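Comments concern the structure below.
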2 protein chains.
Amino acid sequence: MAGRRGQATRQKLLDCLGKMLSTSPYRDVRVIDVARKAGTSPATFYQYFPDVEAAVLELAEVTLRESASLSELVAGRSWTGKAGRQTAEELVDGVLAFWRRHDAILRVVDLAASEGDRRFVRIRTRIQGAVVKPLAETIDGLQARGRGSGGGISSAALAGSLVTMLAAVSAQPKSLQSLGAKQTDLKPALTTLVHLGVTGRKPAA
Amino acid sequence: MAGRRGQATRQKLLDCLGKMLSTSPYRDVRVIDVARKAGTSPATFYQYFPDVEAAVLELAEVTLRESASLSELVAGRSWTGKAGRQTAEELVDGVLAFWRRHDAILRVVDLAASEGDRRFVRIRTRIQGAVVKPLAETIDGLQARGRGSGGGISSAALAGSLVTMLAAVSAQPKSLQSLGAKQTDLKPALTTLVHLGVTGRKPAA
DNA sequence: CGATAAGCTGACGGCATGACAGGACATGTA
DNA sequence: TACATGTCCTGTCATGCCGTCAGCTTATCG
């Protein structure tokens with residue numbers, strides 16, 4: 001229930017909010033700044049969103065929609081031999097790239113989810129699920145054939161932990177760098193850990 | 001440069017801020033609320049801290065000091081056989097317990113660090129370092145003896161990724177649970193992943 | 001008890017929030 | 001072009017928090 005012009009204004013507000021989240025601390029993002037940046041007034045903002053949080057939620061839903069493509073990083077891939085190593089590499093690259101691209105919104109989603117907001121928990125769950133679910137199925141398949149990282153280990157817990165690791169590492173490269181993990185070292189390490197976690201074996205040379 | 005009474009007031013403000021961080025969204029924590037809860041006035045708060053962020057930074061430094069004890073989870077442990085499995089278990093338990101106990105402050109530290117605030121990056125780096133540094137040395141030792149998860153893999157990157165994983169998992173149990181990873185399944189999975197990452201082998205039965 | 005300093009607060013200008021009513025604009029009709 | 005209509009935007013206002021100052025209260029010491 002909004003005309004063409006209204007949609008455009010609304011979208012412009014969302015875009016500007018997204019940019020502000022990349023440049024200023026979440027705590028300091030003010031409705032008045034978003035409105036000014038969009039060339040409109042605070043009153044207009046409140047016409048479309050009850051508060052900043054609601055607009056952030058909408059941005060998060062856009063990111064959620066885009067996350068669907070992450071499933072392709074896992075679906076129908078081989079985990080044996082050199083192909084297995086490549087699968088792990090591409091998975092790491094793909095997840096890292098996605099998380100870095102949506103850096104700003106994802107850290108706010110993370111915060112709100114950690115604070116217990118169920119709407120954001122749900123969104124984060126579904127974003128991670130785009131990778132975790134197919135990955136868990138892959139692990140199940142490997143375990144059924146007697147392979148995999150461990151007999152009685154839950155595939156969902158393994159997949160979830162690995163994806164969580166990738167997301168967290170991409171969200172905080174600086175701390176790891178200060179601890180001696182160079183940017184260049186990180187991807188091989190993550191690739192190894194993912195391959196180990198999924199297959200129980202070190203990746204092929 | 002503060003007397004006995006001043007110190008007490010200051011500490012009371014910090015305590016109340018800590019409690020508020022556990023109960024309300026960080027974005028909504030107001031100076032006036034903290035002051036009221038501490039039975040004092042906003043003006044008093046500003047006498048001790050330039051703003052909320054500065055007070056949070058101080059809370060983070062307390063957590064940093066406590067994190068020193070985390071090193072004991074790694075120092076002088078064995079990673080072979082059943083003892084190795086136990087080492088991994090206790091490491092997982094210890095890190096998870098620490099992160100859960102300091103849940104509220106750590107999620108704010110994480111946010112501020114992700115937003116690029118160097119003071120918070122530094123604190124997070126040092127907290128993680130309490131585990132990452134000794135763990136990286138352990139991995140180095142194992143690699144020197146021809147063991148470990150992979151030849152050319154950076155020990156710092158491995159240790160950093162593993163610890164980051166533990167921290168991130170403990171910060172967001174709900175999403176993983178919704179994805180089918182029961183609370184009970186999580187620790188074994190993490191233990192396996194840590195053991196695999198450090199030694200390159202599955203933990204002993 | 002009186003003096004000095006430390007600690008606390010009431011009060012104020014400034015700014016953001018969130019709601020409303022009325023003005024501005026695009027679109028369709030003649 | 002003139003006009004009618006519904007959508008969209010904004011000026012304005014009450015409210016509440018921020019951050020600061022002058023001045024008051026409380027502790028400490030001679």
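Computed from a predicted model, the values in this text were never measured in an experiment. In the text below, chain A, chain B and the rest are named by the order of the sequence lines, each starting its count at 1.
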- Item | Over-ring placement of B/R107 relative to B/Y26, 6.0 Å and 45° cut-offs |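 No - B/R107 does not lie over the ring of B/Y26 by the 6.0 Å and 45° rule.
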- Determine which pairs satisfy salt bridge (charged side-chain N to carboxylate O under 4.0 Å, His left out) with at least one residue from residues 121-137 of chain A, sequence neighbours left out, and list them in order.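 Listed by first then second residue: A/D110-A/R124.
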- Task: Using a strict cut-off of less than 4.0 Å between a Lys/Arg side-chain nitrogen and an Asp/Glu carboxylate oxygen, indicate whether B/E90 and B/R77 qualify as a salt bridge.
- Result: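 Salt bridge present between B/E90 and B/R77.
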- Item | For B/F49, all residues meeting ring-ring contact (aromatic ring centres under 6.0 Å, His included), sequence neighbours excluded |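 So B/F49 forms a ring-ring contact (aromatic ring centres under 6.0 Å, His included) with B/F45.
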Give every donor-acceptor pair under 3.5 Å between a side-chain atom in residues 12-19 of chain B and any protein atom, sequence neighbours left out.
residue : atom : partner : partner atom : Å
B/D15   : OD1  : B/Q11   : NE2          : 3.1

- Message: Please list, in numerical order, the residues of residues 14-26 of chain B that have a heavy atom closer than 4.0 Å to any atom of DNA chain C.
- Response: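 The answer is none.
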- Looking only at heavy atoms, which two atoms of B/L190 and A/S161 are closest? And how far apart?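 In this case the closest contact between B/L190 and A/S161 is CD2-OG, 3.5 Å.
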- Query: Going 5' to 3' along nucleotides 4-18 of chain C, which nucleotides have protein heavy atoms under 4.0 Å from the base (write B), which only from the sugar-phosphate (write S), and which from neither (write -)?
  - Reply: ---SBBB-----SSB
- Message: Tell me which pairs pass side-chain hydrogen bond (donor to acceptor under 3.5 Å, both in side chains) where either residue lies in residues 177-188 of chain A, with sequence neighbours left out.
- Response: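 Those involving residues 177-188 of chain A are A/D93-A/K187.
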